[in-house]
Amino acid sequence: MAITRTYMDWNATAPLSTAAREAVLRALDLPGNPSSVHGEGRAAKTMLENARRQVAALVGAEASHVVFTSGATEAANLVLSPVFRMGRTPLSIGRLYVSAIEHPALREGGRFPKDRVTEIPVTGAGVVDLNALRDLLAGHDAADGLPMVAVMLVNNETGIVQPAAEAARLVHARGGLMIVDAVQAASRLPIDIAALDADFLIVSSHKIGGPKGVGALVSRGEVLMPKPLIQGGGQEKGHRSGTENLAAIVGFGAAAAAALEDFSGRNATIGRLRARLEDGMRIAASDVLIHGLDETRVANTTFFTLPGLKAETGQIAFDLEGIALSAGAACSSGKVGESHVLTAMSKDPKLGALRISLGPTTTDDDIDRVLAAFQKIAGRRRPAGEAA
Ligand code: PLP
């Protein structure tokens with residue numbers, strides 16, 4: 001008998017929503033290129049601009065400030081640049097300060113040489129250390145150029161909300177630029193680029209129910225922009241050349257619009273389901289360690305360690321029970337690496353941790369199935385100290 005599959009890995013990617021799927025199909029049937037001036041081109045352009053408004057609304061920005069890219073990774077590589085332009089005037093950024101728990105898309109430093117990237121530490125509780133950032137910025141040598149700071153709004157492994165707005169105030173006091181990765185916050189927290197005081201936000205379609213391979217760099221204004229990463233025909237006002245991936249962009253727009261519908265109700269339901277899950281986990285295994293319990297988290301993520309269970313073993317065991325979850329972040333090789341987030345939190349990365357992430361279609365039945373598997377897997381762990 002085939003086992004029921006239960007998808008609990010929404011932070012890795014969210015299943016395509018019905019609204020996004022329908023929008024993608026509509027756009028696929030349009031023959032025109034959005035840059036063409038004829039009727040077919042104009043119809044495609046109308047769809048493109050509608051999607052731009054929808055994505056802008058998700059983060060409280062102006063539509064004209066949205067640059068579509070092939071995903072959050074490309075948006076990060078576009079904006080993490082030592083070379084900017086303020087209108088026609090070049091502006092140089094001397095150093096990038098990037099939090100130790102950023103996604104590799106940002107942690108790699110984009111187009112900055114490695115020796116011009118400094119890591120901002122996080123506290124043992126998994127929160128970016130603002131005192132450390134203040135000290136780093138105080139020591140910044142302005143002769144090299146302005147500082148740039150990148151802090152995510154929500155961590156993808158722990159779900160912990162980060163003090164991005166506070167970090168923005170610190171960097172702006174030094175005249176620098178603030179980049180906020182809002183990939184895991186979108187659809188889970190209300191986002192407003194001005195309230196966050198961010199100069200740039202990064203968002204990704206496939207984390208909110210849109211298609212994979214499309215994202216956006218959203219700017220606060222229009223004048224200050226990074227040197228383009230991809231040059232050519234001048235699409236996206238020259239910030240990202242290449243014919244737009246219209247179907248994916250239109251799907252992204254539909255997902256963004258859907259993410260704003262019943263925002264509070266949806267997140268309250270997800271929060272109730274996660275509370276049931278975490279209560280059940282603690283009853284089944286009193287030694288389970290749920291990371292970030294005392295911090296503000298988005299409603300959908302549980303990051304936990306079961307002592308005596310390696311992350312890799314745990315992930316396979318849950319998979320065999322029909323549950324798709326993840327051991328930290330999904331990594332391209334499919335290998336389970338050590339969590340850089342646990343390491344940054346000064347926890348032994350050998351501890352290993354598993355991540356369960358819920359979404360809008362998660363049900364009580366899903367939670368029942370996860371808890372049944374959890375009980376089974378927790379029950380057959382080796383007692384502490386027993387040799388493997
Ligand atoms: N930033 C965060 C926090 C993420 O979780 C991810 C995806 O895992 C990315 C960036 C990269 O997004 P994309 O897959 O669109 O390149």
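Indexing begins at 1, ligand by ligand and atom by atom, following the structure's order.
- Taking a 4.0 Å cut-off on heavy atoms, Lys212 fails to register as neighbouring ligand 1.
- Summarising the geometry of Gly60 relative to Ile193, their closest heavy-atom pair is O-CG2, 3.7 Å, with the distance given to 0.1 Å.
- With Asn11 as the fixed residue, the side chain to side chain donor-acceptor pair (under 3.5 Å) test singles out one of Arg188, Lys207, Glu157: Arg188.
- Two residues are said to be in side-chain contact when any heavy atoms from C-beta on lie closer than 4.5 Å; Val67 and Met225 meet this criterion.
- In summary, the atoms of ligand 1 found under 4.0 Å from a heavy atom of Gly71, numbered by their order in the structure, are 15 (O).
- Using a 4.5 Å cut-off on side-chain heavy atoms (C-beta onward), Met8 and Thr362 make contact.
- Checked for salt-bridge contact, Arg107 and Asp181 miss the test: no charged N lies under 4.0 Å from a carboxylate O.
- The contact set between ligand 1 and Asn156, taken as ligand atoms under 4.0 Å from a residue heavy atom, comprises 3 (C), 5 (O).
- Close approach of ligand 1 to Met152 (heavy-atom distance below 4.0 Å) involves ligand atoms 3 (C).
- Looking at heavy atoms from C-beta onward, Ile120 lies in side-chain contact with Val151 at the 4.5 angstrom threshold.
- For ligand 1, the polar-atom distance check against Leu106 finds no nitrogen or oxygen pair separated by under 3.5 Å.
- Of the N or O atoms in Gln184, one or more lie within a sub-3.5 Å distance of an N or O in ligand 1.
- Taking every heavy atom of His206 and a limit of under 4.0 angstrom, the matching atoms of ligand 1 come to 13 (P), 14 (O), 15 (O).
- A salt bridge between Asp364 and Arg276 is present, with a side-chain N of the basic residue lying under 4.0 Å from a carboxylate O of the acidic one.
- Applying the 4.0 Å criterion to heavy atoms of Lys207 picks out, from ligand 1, the atoms 5 (O), 6 (C), 7 (C), 8 (O).
- Residue contacts with ligand 1, taken as heavy atom pairs separated by less than 4.0 Å, do not involve Glu102 at all.
- Residue contacts with ligand 1, taken as heavy atom pairs separated by less than 4.0 Å, do not involve Glu74 at all.
- Both the backbone and the side chain of Thr73 come within contact range of ligand 1, each with a heavy atom under 4.0 Å.
- In this structure, Thr361 and Tyr7 have side chains that are not in contact, with every pair of non-hydrogen atoms separated by 4.5 Å or more.
- Between Lys212 and Leu16, the closest side-chain pair of non-hydrogen atoms is not below 4.5 Å.
- Against a heavy-atom cut-off of under 4.0 Å, Asp181 is close to the following atoms of ligand 1: 1 (N), 2 (C), 3 (C), 10 (C).
- Proximity to Ser204 (heavy-atom distance under 4.0 Å) selects the following atoms of ligand 1: 13 (P), 15 (O).
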